[in-house]
Amino acid sequence: MSKPELLVTPIHVEDIIPLADAGADAFVIGEQRYGLRLAGEFLKDDIKKAIELAHEKGKKVYVAMNAIFHNEKIEELSNYIAFLQDANADAVIFGDPAVLMAAREAAPNMKLHWSTETTGTNWYTCNYWGRKGAKRAILAREINMDAIVEMKENAEVEIEVQVHGMMTMFQSKRSLLGNYYEYQGKVMEVENRKQEHNMFLHDKERDNKYPIFEDENGTHIMSPNDICIIDELQEMIEANVDSFKIDGILKSPEYILEVTKRYRKAIDLCVEDPDQYDDVKDELLSEIEEIQPANRPLDTGFFFKETVY
């Protein structure tokens, strides 16, 4: 039984060292021009510095290029990938095939992680992109534990699973905040829509508040709850899932650091002493619940939902 990678999303360059010391094995960074829903904005100088700091600690850095690229950005991709290769990035995360084509020309040895948010739902598709050059597939958040284990059993690429944080529910390339507020104001209202942070789409019927924000890639609506399965890691660890991701989008650096410490302890115990993991996993969950923002309830996402065909 191998120990899975603990993958974390820092907000600032200054977060790299504390998170590495807390037990993170790898980091996802990038800038919104090329990457979707990043915890923080890392421009080129930040990327170089983050990679340097992470490598000094023996950690890896993956740079997100998982946006959907229209024609006006296609010409930029090769130069950006060449920059990432020169900066010694450990991998590029992609969804748009344009990135794959650009990487073949600009950096044929660059490792690629395939991520399209919602279509990583079966091992055949993961292996297809593996044959095209991807070394890892990032699974959709909407599949359950049984499907994850089956995919890992049949996958020819590494498998990454999100174990903590919010999920994406909707994205549009358009700027929709104003339209939601004005057109659907009688049904839903966008709170604090003129602010850059703490904006919510409020569904009164379900009594849910969905974080919502706009950036260069359009409008993003996020889940009302955060995934947390710190107490349910054993089945995936026994299946040798390669990477567990903590997504820290819209969270503070302090929160991400504390969550990373708990997951580091949980993973180590589950691999080295499963009985002790059983003894402390509920306590670890309670510790995360204590630092959880009041408006972000924890749940298990789709991990234990029944698959309907």
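Residue numbers start at 1 and run along the sequence shown.
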Carboxylate-amine/guanidinium contact E272 K3, below 4.0 Å: yes
For N217 and Q171, run side-chain hydrogen bond (donor to acceptor under 3.5 Å, both in side chains): C-alpha distance rounded to whole Å, both residues' side-chain angles, the deciding distance at 0.1 Å, then the answer. CA-CA 9 Å; N217 294 295; Q171 180 193 355; 5.3 Å; no
Verify the neighbour count for atom CD of E72: are there more than 12 heavy atoms of other residues, nucleotides or ligands below 6.0 Å? yes
Is K209 salt-bridged to D203, cutoff N-O under 4.0 Å? no
Do H220 and D215 have side-chain N/O donor and acceptor atoms under 3.5 Å apart? yes
Any salt bridge linking E31 with K44? Criterion: basic side-chain nitrogen under 4.0 Å from a carboxylate oxygen. no
Check whether R33 reaches the backbone of E216 with its side chain - one donor and one acceptor, N or O, closer than 3.5 Å. no
Other than L43, what residues sit in its cluster of Ile, Leu, Val, Met, Phe, Trp and Tyr side chains whose heavy atoms are under 4.5 Å apart, directly or through others? none
Any side-chain to backbone donor/acceptor pair from D268 onto K265? Under 3.5 Å, distance only. no
Per the ring pair (Phe, Tyr, Trp, His ring centres under 6.0 Å) rule, what does the pair list look like for residues 18-40, sequence neighbours excluded? Y34-Y80
Sorted by chain and residue number, the side chain to side chain donor-acceptor pair (under 3.5 Å) partners of T121 (sequence neighbours excluded) come out as none
Is there a donor-acceptor pair closer than 3.5 Å between any side-chain N or O of S223 and the backbone N or O of N225? yes
Evaluate whether atom CG of D45 has more than 12 neighbouring non-hydrogen atoms of other residues, nucleotides or ligands under 6.0 angstrom away. no
Report yes or no: does D273 contribute a side-chain atom to a donor-acceptor pair with the main-chain N or O of Q276 at less than 3.5 Å? yes
Name all residues meeting the side chain to side chain donor-acceptor pair (under 3.5 Å) criterion together with K261; count only those two or more places apart in sequence or in a different chain, and write none if there are none. E258
Using a strict 4.0 Å threshold on nitrogen-to-oxygen distance, state whether K60 and D25 make a salt bridge. no
With a cut-off of 6.0 Å (strictly less than), are more than 12 heavy atoms of other residues, nucleotides or ligands near NZ of K173? yes
Taking the six-membered ring for Trp, are H113 and F94 ring centroids under 6.0 Å apart? no
Inter- and intrachain pairs under ring pair (Phe, Tyr, Trp, His ring centres under 6.0 Å), touching residues 134-159, at least two apart: none
Is a side-chain N or O of E41 found less than 3.5 angstrom from the main chain of Q32, in a donor-acceptor match? yes
So which residues get pulled into I138's cluster when ILVMFWY side chains under 4.5 Å apart are joined, directly or through others? L7, V28, L38, Y62, I93
Backbone N/O of F303 and side chain of T300: donor-acceptor pair under 3.5 Å: no
Is it the case that atom CE in M169 sees more than 12 heavy atoms from other parts of the structure closer than 6.0 Å? yes
